[in-house]
J.: 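The structure is given below, and queries will be raised subsequently.
Hydrogens, waters and symmetry mates are skipped; everything else that's a heavy atom, side chains included, is used.
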Amino acid sequence: MGKADFLSPKAIANRIKSKGLQKLRWYCQMCQKQCRDENGFKCHCMSESHQRQLLLASEDPNKFMDYFSDEFKNDFIELLSRRFGTKRVHNNIIYNEYISHREHVHMNSTKWETLTDFTKWLGREGLCKVDETPKGWYVQYIDRDPETIRRQEEQARKKKQDLDDEERSAKFIEEQVRRGRGAKEVEETPVFTELKRESEEEKGLFFFLFFMIPYISLVDVFPLTLTFPPTVAFNMGASACVAGPSKSSAALGASALKAAAAAAAATKRKDASSDTRGDKKKKSALEEIMEMEEKKRKKQSVRTDYWLQPNIVVKVVTKRLGEKYHKKKAVITEVREKYEAVVKMIDSGDKLKLDQNHVETVIPAPGKRVLILNGPHRDAEALLEGIDEKNFSATLTLESGHLKGTRVDVAYEDFSKLA
């Protein structure tokens, strides 16, 4: 009796029955044939083709077992890497998805008796990370692809560069604090100068203040008459006072006060004349303040409060967009209304619309091209020569404009890397 027609009910029923997985005990791995029932498997084992396959396998059984083991391992790892990547997943989930394919290599034809033995073997060979839990064994694929390793190294380099930027910012803040403390210490430190007397009147006044005042105060408190030796004389410049046994202390004090007043008036006139001469040579404090304000105004006239420019690299500093974009670099593709920019993320390619306060400039390595964003050399392209960390500035060589080839010092926030 011949085969039934392809569209006959019997042929359709046979195809429906053979569709999907069948019982493993009725599967022949050598012939790669699945039988539907025990009778069919018995007939297959008695067939001539099956007997020939058994004779071939009996010559070198280890060869066939190793071949099937390699096939099972390669297919299992390929499914794990393609379907789950480097995620940690239960080994039964992977195995159930693997055996859903009809033509898969069965485990009973490999050198591993159970799935647990195969999982342990993967861990010993270093192909996967395996760990045992109360719920069973979990597997995590170890990706050793050169492209993946290169990508991981690039991510680590970007992370290190971000840390370097943060350290540079921390150093900047620390330097500012140190400068503030140093200025405060200089202001609070007292300055001691040498005492210099320029005239005899000052000497007489000094002698009167330190030697005569105690005696005068004693006369005011105690109504006693103080006498000095007849040989002591006080020379106060314009007037002279001689103390003798017949002079009273009150008269001596009055004459001393007059001499002190005259000496003070002379000193004041001298200081006034010297100040007048100094004013002719030096500028007054008001003129100096006005000159400083004029210089500051001229300097600020070339600066603006907006600095966004297209085709420069910036870093996203806002946290409102989440960790996906925080501290990531982007390229400005369009500037809108001076303070808004459309940026394209370098890593993911996403486009965002950000405000000027949500991004900051990027300082490249020396030798890279930059664009000056603010100051007298605005919109000029330059080459980064070096970085001055103490002054928080960089040395640039202008490559455009009428000052091409000139070296200038520009602050960190006034230039950025060109895309």
Side-chain angles (χ1 to χ4, degrees), residues 161-162 164-177 179-180 291-321 325-346 351-419:
Q161 186 175 0
D162 293 340
D164 293 341
D165 294 340
E166 293 178 0
E167 290 178 359
R168 191 180 296 114
S169 301
K171 286 183 179 178
F172 175 76
I173 296 172
E174 184 180 353
E175 180 69 16
Q176 293 292 93
V177 172
R179 289 182 179 179
E291 186 177 355
M292 290 175 62
E293 289 295 331
E294 183 67 19
K295 290 181 179 179
K296 186 177 180 181
R297 187 184 62 79
K298 289 181 180 179
K299 186 176 181 181
Q300 290 181 348
S301 62
V302 295
R303 294 187 61 85
T304 59
D305 57 348
Y306 58 90
W307 53 267
L308 295 176
Q309 295 285 350
N311 299 325
I312 63 171
V313 181
V314 294
K315 183 187 292 184
V316 180
V317 295
T318 180
K319 294 184 179 179
R320 297 180 181 177
L321 302 177
Y325 300 112
H326 182 56
K327 293 291 184 181
K328 296 297 187 296
K329 295 180 181 178
V331 178
I332 297 180
T333 58
E334 181 184 356
V335 178
R336 298 178 181 177
E337 298 180 358
K338 298 182 181 180
Y339 300 96
E340 293 182 353
V342 177
V343 302
K344 182 178 181 181
M345 305 304 297
I346 295 178
K351 287 190 175 182
L352 305 174
K353 182 179 178 182
L354 299 175
D355 189 76
Q356 177 178 275
N357 296 328
H358 296 164
V359 295
E360 68 178 7
T361 58
V362 174
I363 302 174
K368 300 292 184 180
R369 297 176 69 249
V370 298
L371 181 68
I372 300 177
L373 309 175
N374 218 334
H377 306 289
R378 184 186 180 96
D379 298 333
E381 296 183 2
L383 187 69
L384 180 60
E385 299 290 347
I387 297 175
D388 188 359
E389 295 182 357
K390 292 183 179 179
N391 297 324
F392 307 99
S393 62
T395 302
L396 308 179
T397 300
L398 300 179
E399 292 186 342
S400 62
H402 62 283
L403 297 177
K404 183 177 180 181
T406 306
R407 284 195 174 189
V408 294
D409 292 334
V410 182
Y412 285 164
E413 63 272 14
D414 289 344
F415 69 93
S416 187
K417 179 182 178 181
L418 274 172

J.: Taking all non-hydrogen atoms of both residues into account, name the closest pair between D388 and N391 and its distance.
T.: OD2-ND2, 2.6 Å
J.: Say whether N357 and Y339, considering side chains only, have a donor N or O and an acceptor N or O under 3.5 Å apart.
T.: no
J.: Does any non-hydrogen side-chain atom of L354 lie less than 4.5 Å from one of L321?
T.: yes
J.: Evaluate the salt bridge (charged side-chain N to carboxylate O under 4.0 Å, His left out) criterion for residues E381 and R369: first the C-alpha distance (whole Å), next the side-chain angles of each, then the deciding distance (0.1 Å), finally the verdict.
T.: CA-CA 7 Å; E381 296 183 2; R369 297 176 69 249; 2.2 Å; yes
J.: Is it true that atom NZ of K327 has more than 12 heavy atoms of other residues, nucleotides or ligands lying nearer than 6.0 Å?
T.: yes
J.: Between the side chain of Q356 and the main-chain N/O of W307, is any donor-acceptor distance below 3.5 Å?
T.: yes
J.: Report yes if the side chains of V370 and L396 come closer than 4.5 Å at any heavy-atom pair, otherwise no.
T.: yes
J.: Just wondering, do L352 and M345 contact through their side chains at under 4.5 Å, heavy atoms?
T.: yes
J.: Identify the heavy atoms of V317 and V359 that sit nearest to each other, and give their distance.
T.: CG2-N, 3.8 Å
J.: Does L373 reach the side chain of I312, with side-chain heavy atoms less than 4.5 Å apart?
T.: yes
J.: To the nearest 0.5 Å, how far apart are CD1 in I173 and CD in Q176?
T.: 9.0 Å
J.: Strictly below 4.0 Å, N to O, side chains only: are D305 and K338 in salt-bridge contact?
T.: no
J.: Using the rule given for side-chain contact (heavy atoms from CB on, under 4.5 Å), can you reason through K344 versus E334, listing the C-alpha separation, both sets of side-chain angles and the distance that settles it, and then say yes or no?
T.: CA-CA 10 Å; K344 182 178 181 181; E334 181 184 356; over 6 Å; no
J.: Kindly say whether L418 contributes a backbone atom to a donor-acceptor pair with the side chain of N311 at under 3.5 angstrom?
T.: no
J.: Walk me through it: do K353 and E340 pass the test side-chain contact (heavy atoms from CB on, under 4.5 Å)?
T.: CA-CA 7 Å; K353 182 179 178 182; E340 293 182 353; 3.1 Å; yes
J.: Does a side-chain heavy-atom distance below 4.5 Å link F392 with R168?
T.: no
J.: Kindly indicate whether the side chain of T406, heavy atoms from C-beta on, has any atom under 4.5 Å from the side chain of H377.
T.: no
J.: For a 4.5 angstrom cut-off between non-hydrogen side-chain atoms, does T318 reach H326?
T.: no
J.: Nearest 0.5 angstrom please: Y412 OH to T361 OG1, how far?
T.: 10.5 Å
J.: P364 and L384: which non-hydrogen atoms are nearest, and at how many Å?
T.: O-CD2, 3.2 Å
J.: Determine, step by step, whether R303 and D414 satisfy the salt bridge (charged side-chain N to carboxylate O under 4.0 Å, His left out) criterion, reporting the C-alpha distance in whole Å, the side-chain angles of both residues, the deciding distance to 0.1 Å, and the verdict.
T.: CA-CA 10 Å; R303 294 187 61 85; D414 289 344; 2.8 Å; yes
J.: Indicate yes or no for a side-chain donor-acceptor contact from S400 to the backbone of A380 under 3.5 Å, with no hydrogens or angles considered.
T.: no
J.: Answer yes or no: is there a donor N or O on one side and an acceptor on the other, between the side chain of R336 and the main chain of A341, under 3.5 Å?
T.: no
J.: I'd like to check K417 versus K329 (side-chain heavy atoms, cut-off strictly below 4.5 Å). Are they in contact?
T.: no
J.: Determine, stepwise, if the pair V331 / I346 fulfils side-chain contact (heavy atoms from CB on, under 4.5 Å).
T.: CA-CA 7 Å; V331 178; I346 295 178; 4.1 Å; yes
J.: Is it the case that more than 12 heavy atoms not belonging to R407 sit under 6.0 Å from its CZ atom?
T.: no
J.: What is the minimum heavy-atom distance between A419 and V313, and which atoms define it?
T.: CA-CG2, 3.9 Å
J.: Please name the pair of heavy atoms, one in Y306 and one in N374, separated by the smallest distance, quoted to 0.1 Å.
T.: O-ND2, 4.2 Å
J.: What pairs with K171 under side chain to side chain contact (heavy atoms under 4.5 Å, CB included), at least two apart in sequence or on another chain?
T.: E389
J.: Under a plain distance cut-off of 3.5 Å, with no hydrogens placed, do D409 and S393 share a side-chain donor-acceptor pair?
T.: no
J.: Do you see a donor-acceptor pair shorter than 3.5 Å between the side chains of T397 and E385?
T.: yes
J.: Report the C-alpha separation of Q309 and D379 in whole Å, then their side-chain angles, then the decisive distance to 0.1 Å, and conclude whether the side-chain contact (heavy atoms from CB on, under 4.5 Å) test is met.
T.: CA-CA 8 Å; Q309 295 285 350; D379 298 333; 2.9 Å; yes
J.: Can you see which heavy atom on I372 is nearest to which on F415, and at what distance?
T.: CA-CB, 4.1 Å
